[in-house]
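The structure appears right after this line, and notes come after that.
Residues take their numbers from the sequence shown, with the count starting at 1.
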Amino acid sequence: MLEQLSHILHSTSFISAEISLVLGIVAIIILIAFGKKNSIFRTAAWALGLLTFIAAFFLVATTPVASQSIFNDLFISDKTSIFGKELTLLASIGIMLHIKVMKHDLDGEYYIILLAIVIGLFFLLMANSFISVFVSLETVSICSYILVAMNGKTFNLEASIKYLIFGAASTAIMLFGISFLYAATGSLVFSSEAYLTHIPNNANWVVLTAFTMTLAGPLFKLSAAPFHIWAPDVYEATPTPLVSFLAIAPKIGAVFLIYKLLQAVPVDTTLVLGVIILLSIVIGNFAALSQKNAKRMMGYSGIAQAGFILIGLMAFQTSGFQASTFYLAVYLFMSIGAFLMLDMISEHTHSDLFEDMAGLSQKFMLLGLIGLVFMIALVGLPPTSGFTSKFLVFSSIYEQYSSTGKSIFMWVLAFGLLNTAVSIYYYLKVPYFMFLKKSADTLDSKSIPPLQLIYLSILAFIVLGLFFAPQWIQEWF
């Protein structure tokens with residue numbers, strides 16, 4: 001008993017950031033319980049949320065990087081999980097700043113949900129057992145459903161129900177796959193030797209099938225095909241800063257989890273990942289072509305981006321995983337910047353339709369130019385870090401093709417390059433309407449607050465700067 005208590009106390013020292021997030025939730029709950037529902041208390045709730053995220057970031061940054069098994073192998077704290085936590089907190093802080101500069105007057109309950117999602121992602125990043133994977137993933141999922149539905153409007157509820165239905169289906173498939181893996185190995189701890197030694201030699205196809213089903217959970221959070229159908233409706237219905245958060249934070253947890261599973265399962269998963277990547281890229285890109293709503297377009301493009309992120313994992317080597325994590329880090333800044341730009345545009349057009357953006361840059365030239373940077377970055381063109389991230393994942397897949405000669409790697413590379421060209425059409429719709437279309441009479445002519453332009457410019461500088469100095473991220477990892 002004393003040994004167990006000692007282990008629990010020792011393990012607790014590795015989750016100080018998670019404890020700080022829980023304390024932040026408690027503080028906001030107290031504020032809501034004893035405060036009034038007015039703008040002052042909403043601002044106080046926002047400030048508490050931001051301070052909690054900042055405090056958690058410093059606690060994560062000081063966590064020992066040596067690999068450490070905690071809570072009886074349910075979790076592992078190591079350098080990879082710490083980096084994932086730092087990316088998650090960067091996304092969270094970025095969204096909180098978005099909320100402030102755009103003056104979104106959100107109730108305190110929203111910040112409680114955001115903090116709860118980050119807690120779930122933290123434990124998911126450390127998960128070492130399918131029990132902890134399931135609990136962490138469901139924490140993130142359930143809080144995400146609530147976040148989408150909280151606005152209470154019919155459109156939000158419809159999107160949330162679709163989100164819930166596909167989430168429940170993906171969870172059921174994942175649990176079915178986990179049950180097969182448990183039957184084959186006799187262990188739920190996927191870093192144990194059971195996954196390497198207890199699987200019969202003639203059961204590879206069973207393990208591959210089980211692994212494919214287990215991927216349903218993280219693929220849903222990644223919004224990768226075939227678990228992508230919820231994304232466009234959720235993106236369109238949800239307030240823009242919250243969409244920006246859902247577009248990047250869950251992807252971080254999903255990518256790191258898939259990487260862990262790839263290390264654990266001793267079968268060739270190349271074909272499975274290749275098919276998922278091709279489906280995600282093709283479906284996302286070609287569905288985005290016909291969209292008239294910018295937020296729906298970002299939803300479909302997020303599906304394609306998920307495919308590009310997975311390319312590095314398909315290569316399954318150290319350089320491939322580093323390419324995927326670099327892509328995630330760059331996509332974090334690109335996504336936050338793009339959604340902030342769309343929010344600023346919507347403030348003047350009162351719409352998310354492309355046609356209502358017509359001529360906006362004629363009145364706000366700087367907004368148009370900065371917006372062009374983010375759209376070019378999302379395509380993957382120089383001189384932005386979007387080009388660097390695509391170059392790294394394509395290089396990793398080409399290296400794998402050169403060493404193995406498997407045609408699936410070349411198919412993924414070819415389709416990835418072709419679909420990058422396709423994405424030019426829909427990403428450049430925004431600057432096309434802003435610069436080349438005639439100005440609409442309905443445009444709101446009020447000036448853009450300097451704070452919004454400053455924050456947008458900082459994000460654009462980071463996106464451009466990482467092209468010239470990618471080591472800012474690479475050395476960090």
Task: Expected output: side-chain Lys295 to main-chain Thr238 donor-acceptor under 3.5 Å - done: yes
TODO: Kindly say whether the aromatic ring centers of Tyr163 and Phe220 come within a distance under 6.0 Å.
DONE: yes
TODO: Answer whether the closest heavy-atom distance between the side chains of Glu86 and Phe57 falls below 4.5 Å.
DONE: yes
Open item on the list: Minimum heavy-atom separation for Pro218 and Ile258, please, with both atom names.
Closed with: CB-CG1, 3.7 Å
- [ ] For the residue pair Phe394 and Phe308, categorise the inter-ring angle as parallel (less than 30°), tilted (30 to 60°) or perpendicular (more than 60°).
- [x] perpendicular
Open item on the list: Show the nearest heavy-atom pair for residues Phe374 and Met334, with the distance to one decimal.
Closed with: CD2-O, 4.0 Å
Task: Check: Ile95 and Ile99 side chains under 4.5 Å, non-hydrogen atoms - done: yes
Open item on the list: When you measure from the side chain of Gln291 to the backbone of Ala287, do you find a donor-acceptor pair of N or O atoms at a distance under 3.5 Å?
Closed with: yes
Open item on the list: Just so I know, are the side chains of Leu208 and Val265 near enough to count as touching, which here means a heavy-atom distance under 4.5 Å?
Closed with: no
TODO: Could you tell me whether Lys85 sits above the aromatic face of Phe122, with NZ or CZ closer than 6.0 angstrom to the six-membered ring centre and within 45 degrees of the axis?
DONE: yes
TODO: Please report the shortest heavy-atom distance between Thr52 and Gly24, naming the atom on each side.
DONE: OG1-CA, 3.5 Å
Task: Heavy-atom closest contact (Lys429 atom, Leu289 atom, distance) - done: NZ-O, 3.1 Å
Open item on the list: Any non-hydrogen side-chain atom of Met96 less than 4.5 Å from a side-chain atom of Tyr111?
Closed with: yes
Open item on the list: Looking at Ser385 and Val463, would you say the former's side chain and the latter's main chain have a donor-acceptor pair under 3.5 Å?
Closed with: yes
Task: pair Val393-Phe326: side-chain heavy atoms closer than 4.5 Å - done: no
Open item on the list: Please evaluate residues Met150 and Ser160 with respect to the criterion side chain to side chain contact (heavy atoms under 4.5 Å, CB included), reporting the C-alpha separation (whole Å), side-chain torsions for both, the decisive distance (0.1 Å), and the verdict.
Closed with: CA-CA 9 Å; Met150 278 181 70; Ser160 181; over 6 Å; no
Open item on the list: Counting only heavy atoms not in Phe41 (residues, nucleotides, ligands), do more than 12 fall under 6.0 Å from its CZ?
Closed with: yes
Open item on the list: For the aromatic rings, using the six-membered ring if either is Trp, is the centroid distance between Phe180 and Phe176 under 6.0 Å?
Closed with: yes
- [ ] Report the distance from atom OG1 of Thr240 to atom NE2 of His104, rounding to the nearest 0.5 Å.
- [x] 6.0 Å
- [ ] Specify the closest pair of heavy atoms between Ala159 and Val148, including all atoms of both residues, with the distance to one decimal.
- [x] CB-CG1, 4.2 Å
Task: Test item: Asn285 side-chain N/O and Asn419 main-chain N/O as donor-acceptor pair under 3.5 Å - done: yes
TODO: May I have the step-by-step check of ring-ring contact (aromatic ring centres under 6.0 Å, His included) for Phe227 and Phe166, ending in yes or no?
DONE: CA-CA 7 Å; Phe227 302 96; Phe166 281 96; 8.5 Å; no
Task: Backbone N/O of Trp205 and side chain of Thr209: donor-acceptor pair under 3.5 Å - done: yes
Task: Main-chain N/O of Thr270 paired with Asp268 side-chain donor or acceptor, under 3.5 Å - done: yes
TODO: Could you tell me whether the side chain of Thr63 and the main chain of Val60 form a donor-acceptor pair under 3.5 Å?
DONE: yes
TODO: Would you please test Lys260 and Asp78 for salt bridge (Lys or Arg N to Asp or Glu O under 4.0 Å) and show each step?
DONE: CA-CA 12 Å; Lys260 286 184 179 181; Asp78 57 12; 5.8 Å; no
TODO: Rounded to the nearest 0.5 Å, what's the gap from CG on Leu87 to OG1 on Thr325? Could you check?
DONE: 7.5 Å
- [ ] Give, for atom CG of Leu125 and atom OG1 of Thr80, the distance between the pair rounded to the nearest 0.5 Å.
- [x] 10.0 Å
Open item on the list: Do Thr349 and Asp356 pair up side chain to side chain, a donor and an acceptor below 3.5 Å, judged on atom types alone?
Closed with: no
Open item on the list: With side chain to side chain contact (heavy atoms under 4.5 Å, CB included) as the criterion, how do Leu115 and Ile28 come out once you've worked through the C-alpha distance, each side chain's angles and the decisive distance to 0.1 Å?
Closed with: CA-CA 10 Å; Leu115 286 164; Ile28 296 175; 3.7 Å; yes
Open item on the list: Quick one about Tyr427 and Ser301 (side-chain donor to acceptor, distance below 3.5 Å, no hydrogens or angles considered), yes or no?
Closed with: yes
Task: Donor-acceptor contact present, side-chain Glu236 to main-chain Arg296, <3.5 Å - done: no
- [ ] Assign the ring pair Phe71 / Phe75 to parallel, tilted or perpendicular, where the plane angle (0 to 90°) is split at 30° and 60°.
- [x] perpendicular
Task: Student check: side-chain heavy atoms of Gln305 and Leu378 closer than 4.5 Å - done: yes
TODO: Measure the CG-CD1 distance between Leu413 and Ile397 for me, rounded to the nearest 0.5 Å.
DONE: 7.5 Å
Task: Nearest non-hydrogen partners of Leu340 and Met102, listed with the distance - done: CD1-CG, 3.7 Å
Task: Stepwise side chain to side chain contact (heavy atoms under 4.5 Å, CB included) test for Leu121 and Ile252 - done: CA-CA 8 Å; Leu121 288 171; Ile252 297 170; over 6 Å; no
- [ ] Check the pair Leu50 / Lys100 against side chain to side chain contact (heavy atoms under 4.5 Å, CB included), numbers first and verdict last.
- [x] CA-CA 10 Å; Leu50 179 63; Lys100 189 60 177 178; over 6 Å; no
Open item on the list: With a 3.5 Å distance limit and no angle check, can you tell me whether Tyr235 reaches the backbone of Leu246 through a side-chain donor-acceptor pair?
Closed with: no
- [ ] Kindly indicate whether the side chain of Met174, heavy atoms from C-beta on, has any atom under 4.5 Å from the side chain of Leu137.
- [x] yes
Task: Atom pair CD1 (Ile309) and NZ (Lys390), whose distance is rounded to the nearest 0.5 Å - done: 9.0 Å
TODO: Examine distances only and state if a side-chain atom of Ser16 and a backbone atom of Leu59 form a donor-acceptor pair shorter than 3.5 Å.
DONE: no
Task: Value rounded to 0.5 Å, distance of CD1 in Ile113 from CD1 in Ile25 - done: 8.0 Å
Open item on the list: Between Phe321 and Phe256, is there a side-chain heavy-atom distance shorter than 4.5 Å?
Closed with: yes
